[in-house]
S.K.: 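Attaching a single structure in structure tokens format; questions to follow.
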Amino acid sequence: MKEMTAVQLKQMIQAGEHVHVIDVREDEEVAFGMIPSVIHIKMGDIPERMNELDKNETYIIICRSGVRSEHVCRYLEAHGYDVCNVIDGMLGWDGELV
């Protein structure tokens, strides 16, 4: 499975790279803030919503600490999706949200 840190993701976004990020945290977690322009799909909703994703795209998956996103990555990989886990999640997001 591909992996990156939250700082690497932030650098990609700040550099203007076109990225598809999915935040798999619960509603009450994202209420405290999330990265602008990311897609919010709760971990439990992934099985019924993965048909909304394009298998020709790469998706960067983020949660609070990297554990749930790792599980989601493994699940999506098993279904043919190209994914990358943010290993330190939002806890690793350095500073304010972009």
Side-chain angles (χ1 to χ4, degrees):
M1 168 186 336
K2 292 185 276 186
E3 298 178 330
M4 72 170 48
T5 65
V7 170
Q8 289 170 313
L9 172 59
K10 186 174 189 177
Q11 290 168 344
M12 291 172 69
I13 293 170
Q14 288 175 335
E17 292 185 43
H18 180 69
V19 293
H20 298 285
V21 182
I22 300 174
D23 188 328
V24 298
R25 295 177 298 154
E26 295 296 317
D27 293 334
E28 56 273 9
E29 292 174 288
V30 299
F32 290 105
M34 62 188 275
I35 304 166
S37 77
V38 305
I39 302 165
H40 176 225
I41 304 175
K42 294 184 293 188
M43 179 179 173
D45 293 343
I46 291 290
E48 65 222 26
R49 293 192 56 196
M50 69 181 178
N51 63 332
E52 298 172 24
L53 307 178
D54 183 347
K55 287 188 177 181
N56 296 313
E57 297 288 344
T58 299
Y59 293 93
I60 300 169
I61 313 297
I62 193 167
C63 66
R64 180 179 175 271
S65 66
V67 176
R68 285 176 285 178
S69 55
E70 179 181 345
H71 292 295
V72 170
C73 283
R74 291 190 191 286
Y75 181 82
L76 289 173
E77 273 187 335
H79 287 85
Y81 292 90
D82 183 23
V83 292
C84 180
N85 183 36
V86 180
I87 58 173
D88 53 354
M90 291 300 290
L91 292 176
W93 191 264
D94 184 36
E96 294 183 24
L97 300 178
V98 244

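Residue numbers count from 1 along this sequence.
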S.K.: Could you give me the CA-CA distance, side-chain angles and deciding distance for V38 and I62, then say whether side-chain contact (heavy atoms from CB on, under 4.5 Å) is met?
M.R.: CA-CA 10 Å; V38 305; I62 193 167; 5.8 Å; no
S.K.: Distance check, rounded to the nearest 0.5 Å: M90 atom CE versus R25 atom CZ?
M.R.: 4.5 Å
S.K.: Test your reading of the model: is there a side-chain donor-acceptor pair from D88 to the backbone of A6, 3.5 Å cut-off?
M.R.: yes
S.K.: Treat each ILVMFWY residue as a node, draw an edge where side-chain heavy atoms are under 4.5 Å apart, and state whether I35 and I87 are in one component.
M.R.: no
S.K.: Got a second to check how far E26's CD is from H40's NE2, nearest 0.5 Å?
M.R.: 7.0 Å
S.K.: Would you compute the distance between atom NE2 of H20 and atom OG of S37 and round it to the nearest 0.5 angstrom?
M.R.: 10.5 Å
S.K.: Look up atom CE in M12 and atom SG in C84, then write down how far apart they are to the nearest 0.5 Å.
M.R.: 7.5 Å
S.K.: Side chains of S69 and N85: donor-acceptor distance under 3.5 Å anywhere?
M.R.: yes
S.K.: I'd like to know if I13 and M4 are part of one continuous hydrophobic network [Ile/Leu/Val/Met/Phe/Trp/Tyr, side-chain heavy atoms within less than 4.5 Å].
M.R.: yes
S.K.: Once you round to the nearest 0.5 Å, how far does NE2 of H79 lie from NZ of K55?
M.R.: 8.0 Å
S.K.: What's the separation between atom CZ in R49 and atom NZ in K42, rounded to the nearest 0.5 Å?
M.R.: 9.5 Å
S.K.: Please go through V24's hydrophobic cluster and name the other residues, only I, L, V, M, F, W, Y counting, with side-chain heavy atoms under 4.5 Å joining them.
M.R.: I22, I39, I41, M43, I46, M50, L53, Y59, I61, V72, Y75, L76, Y81, V83
